[in-house]
Amino acid sequence: MKDTSIAGIGEFSGKTVTLEGWLYNRRGSKKLQFLQIRDGSGTIQAVVALADVGEELFELASGLNQEASLRVTGEVKPDDRAPSGFEMLVSGIELVADSVDYPISPKDHGVDFLLENRHLWLRSSKQHALMRIRGTLISALREFFDKEGYLLVDAPIFTPSSVEGTTTLFEVEYFGDKAYLTQSGQLYMEAAAAAHGKVYCFGPTFRAEKSKTRRHLTEFWMLEPEIAFANLDDVMEIQEQMLEFVTAKVLAKHRDELERVLERDCTPLEKVKAPFPRVHYDEAIAMLKEKGQDLEWGGDFGGEDETILTKAFDRPIFVHRFPAAIKAFYMAPDPEDLKYSLSVDCLAPEGYGEIIGGGQRADNLEYLQERIAEHNLPSGPYEWYLDLRRYGSFPHAGFGIGIERTLAWLTGRQHIRECIPFPRLMHRIQP
RNA sequence: UCCUCGGUAGCUCAAUUGGCAGAGCAUGCGGCUGUUAACCGCAGGGUUGUAGGUUCAAGUCCUACCCGGGGAGCCA
């Protein structure tokens with residue numbers, strides 16, 4: 001392994017270095033070849049001149065296939081014509097391994113073909129940028145909670161029962177019993193919050209819903225904080241601080257990739273500053289009716305409703321106090337009016353819609369028992385959860401932020417399937 | 001599960017009223033010393049998703065099925 005990376009190539013201006021990577025693209029003539037080399041950290045153009053390298057090496061260069069792996073040696077030179085400001089004057093090439101008939105050409109491809117070749121598609125520039133920004137988003141989220149004194153507590157993937165009782169779960173055989181893949185770590189975070197005060201989990205979650213939309217995956221990643229003695233207002237404040245923090249981190253580190261590679265206009269992201277507008281459910285209903293949407297009090301919002309709501313504001317918004325009847329059993333009732341719940345969704349702007357769901361949890365034992373019965377949930381699996389209300393119950397609140405939906409918004413993607421390395425969709429589990 | 005759109009060369013797509021199945025990219029060969037998804041010339045490449053039907057003639061019309069996209073519901 002060499003120490004030199006393309007991202008840091010500027011340090012070696014005027015010096016001769018060896019790069020290890022892959023041939024991204026090649027063009028040229030009988031006497032001059034332009035090799036686009038990528039090494040994961042970046043890309044650089046390597047120029048091979050027949051007059052400099054001789055016939056044998058030039059012939060090797062002009063026969064190189066797309067995605068062949070290489071060691072390329074040459075002098076690093078500043079060049080105004082290069083996007084990165086530098087290019088390499090090649091003096092030596094070692095073909096590490098050839099790449100014959102690489103399926104993904106630099107021209108257009110359809111979604112189905114690209115997903116079939118997801119293992120190779122990841123090498124493309126847009127997909128490369130998306131994965132880099134995903135990495136930054138995740139580390140920025142974790143940095144935010146770590147610096148605020150939260151403890152990372154891992155939730156289990158196998159669960160004995162549904163968290164919310166509504167969505168369809170993936171069932172697995174568990175030593176002769178049934179178990180399910182988790183749809184949320186929240187209930188476990190409530191237990192952890194009683195032990196540590198401020199906690200969060202980060203991991204994959206699974207939903208067996210037969211959803212075929214640009215907003216759904218069957219396997220997606222979620223970060224779920226839970227905070228003891230917090231209320232609804234507290235979690236809204238935490239959410240807006242968190243989004244302001246991670247958006248600034250992503251902009252600081254990836255503005256060039258966002259604008260140049262992903263063609264994302266960054267001006268809407270610069271407006272992601274606290275406070276975010278807080279819209280009561282009733283206000284949201286009134287706004288939507290005014291815009292001509294046909295809907296009644298008591299229902300949830302559809303994709304089009306969310307689009308209309310978010311386009312009325314220039315930054316993410318909170319919609320709070322949904323009717324208790326359409327929210328999960330563990331949501332706390334609004335003491336001001338019991339038909340509302342102390343719930344909140346955060347909707348991303350520009351039509352992206354819900355990226356965070358959460359709220360204050362019910363801390364009254366009898367209320368929870370009634371709600372579990374109302375939802376026709378088996379009481380047995382929830383006894384441990386009810387213990388949290390039997391032994392020092394405490395007001396607490398939390399939320400879950402969807403990584404892929406947040407990334408799709410930040411990067412301006414149309415579909416969240418590009419926002420996870422290997423998407424799992426209703427009709428796709430390969431590669 | 002429902003609504004809707006689609007399936008033609010390795011890839012992206014075209015094919016008029018039912019009338020010889022085509023182009024770009026990729027690949028191969030040739031040309032070009034500054035290309036930026038390079039360009040120019042030539043060549044090879046097809047069981048039009050599957051099965052049936054109508055017709056002198058079906059990529060095109062009809063029936064059934066298979067596969068996929070987008071959306072609804074559900075949610076992050």
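Numbered from 1 within each chain, the chains take letters A, B, ... in sequence-line order. FYI, side chains are in, hydrogens and waters are out, and symmetry mates aren't considered; it's all heavy atoms of this structure.
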* Asked: Is the shortest side-chain N to carboxylate O distance from E350(A) to R264(A) below 4.0 Å?
  -> yes
* D300(A) versus Y281(A), side-chain donor and acceptor atoms under 3.5 Å -> no
* Gap between atoms CD1 and P, on I403(A) and A76(B) respectively (whole Å) -> 14 Å
* Under 3.5 Å on both distances, the Watson-Crick or G-U partner of A15(B) -> none
* If we take the P atom in both A9(B) and A14(B), what is their distance in whole Å? -> 12 Å
* Across all strands, who's sitting opposite G59(B) as a Watson-Crick or G-U wobble pair, both distances under 3.5 Å? -> none
* Between the side-chain atoms of Q45(A) and the base atoms of U35(B), is any donor-acceptor pair under 3.5 Å? -> yes
* Looking at G34(B), does its base get a donor-acceptor pair with the side chain of E87(A) below 3.5 Å? -> yes
* To do: Go through residues 13-30 of chain A and report each residue with a non-hydrogen atom lying under 4.0 Å from RNA chain B, sorted by number.
  => N25(A), R27(A), G28(A), S29(A), K30(A)
* Minimum-distance nucleotide to F34(A) side chain [options: A76(B), U35(B), U27(B)] -> U35(B)
* **Whole-Å gap separating C1' (G70(B)) and CE (M426(A))** => 13 Å
* Asked: Rounded to the nearest Å, what distance is computed from the CD atom of residue Q33(A) to the C1' atom of nucleotide U35(B)?
  -> 10 Å
* **Rounded distance (Å) that lies between atom P of A76(B) and atom CG of L169(A)** => 13 Å
* Are E67(A) and R123(A) close enough for a salt bridge, meaning some N to O gap below 4.0 Å? -> yes
* Determine the Euclidean distance between corresponding P atoms of A21(B) and U35(B); express it in Å to zero decimal places. => 42 Å
* **Interatomic distance at C1', U60(B) relative to U17(B), whole Å** => 11 Å
* Give me the residues of residues 211-224 of chain A where at least one heavy atom lies under 4.0 Å from an atom of RNA chain B, by number, or none. => S211(A), K212(A), T213(A), R214(A), R215(A), H216(A), L217(A), F220(A), M222(A)
* Asked: Taking the same atom, C1', in C61(B) and in C67(B), what whole-Å distance lies between them?
  -> 23 Å
* **Residue matched to C65(B) through Watson-Crick or wobble contacts both under 3.5 angstrom** => G49(B)
* Could you check T247(A), T411(A), L407(A) and say which one makes a side chain to side chain contact (heavy atoms under 4.5 Å, CB included) with L137(A)? => L407(A)
* Asked: Rounded to whole angstroms, how far apart are CD on E306(A) and C1' on C74(B)?
  -> 12 Å
* Nucleotide C74(B), atom C1' - distance to CD of E209(A) in whole Å -> 4 Å
* **Whole-angstrom distance between G6(B) and U16(B), as gauged at atom P** => 15 Å
* **Given RNA chain B, 5'-ward residue of the pair H427(A) and V47(A), judged by closest heavy atom** => V47(A)
* F245(A) six-ring face occupied by K147(A) cation (under 6.0 Å, within 45°) -> yes
* Asked: When you compare C25(B) with G41(B), how far apart are their P atoms, in angstrom units rounded to a whole number?
  -> 9 Å
* To do: Output yes when E219(A) and R207(A) qualify as a salt bridge under the 4.0 Å nitrogen-oxygen rule, no when they do not.
  => no
* Asked: Which nucleotide in the list U35(B), A76(B), C75(B) gets nearest to the side chain of D300(A)?
  -> C75(B)
* Main-chain N/O of V319(A) paired to H280(A) side chain as donor or acceptor, under 3.5 Å -> no
* Paired with A72(B): which nucleotide, if any, by Watson-Crick or G-U wobble criteria at under 3.5 Å for both distances? -> U1(B)
* To do: Give none if U54(B) has no partner; otherwise give the nucleotide forming a Watson-Crick or G-U wobble pair with it, both distances under 3.5 Å.
  => none
* Asked: So, do F422(A) and W121(A) have ring centers that fall under 6.0 Å from each other?
  -> no
* Asked: Does the distance from a Lys or Arg side-chain N to an Asp or Glu carboxylate O, for E404(A) and R134(A), drop under 4.0 Å?
  -> yes
* Asked: How do N65(A) and R428(A) order along RNA chain B: which one's closest nucleotide is nearer the 5' end?
  -> N65(A)
* Asked: Ion pair present between D345(A) and K327(A), side-chain N to carboxylate O less than 4.0 angstrom?
  -> yes
* Pick the C1' atom in A37(B) and in C11(B), then give their distance to the nearest Å. => 14 Å
* So which nucleotide does G41(B) pair with, by the Watson-Crick or G-U wobble rule with both distances under 3.5 Å? -> C29(B)
* **Whole-Å distance separating the CG atom of L243(A) from the P atom of A76(B)** => 15 Å
* Structure fact -> Value for CZ (R405(A)) from CD1 (I355(A)), rounded to nearest 0.5 Å, stands at 10.0 Å
* Asked: If every non-hydrogen atom of I326(A) is compared with every non-hydrogen atom of G299(A), which pair is closest and at what distance?
  -> CD1-O, 3.7 Å
* **Electrostatic pair R214(A)-E418(A), nearest N-O below 4.0 angstrom** => no
* **More than 12 heavy atoms from other groups under 6.0 Å of CD on E259(A)** => yes
* Interatomic distance at C1', U8(B) relative to A15(B), whole Å -> 9 Å
Scan nucleotides 10-15 of chain B against the protein and return all N/O pairs shorter than 3.5 Å with their distances rounded to 0.1 Å.
| residue | atom | partner | partner atom | Å |
| --- | --- | --- | --- | --- |
| C11(B) | O2' | D108(A) | O | 3.3 |
| C11(B) | O2' | H109(A) | ND1 | 2.4 |
| U12(B) | OP1 | G110(A) | N | 3.1 |
| U12(B) | O4' | D108(A) | O | 3.4 |

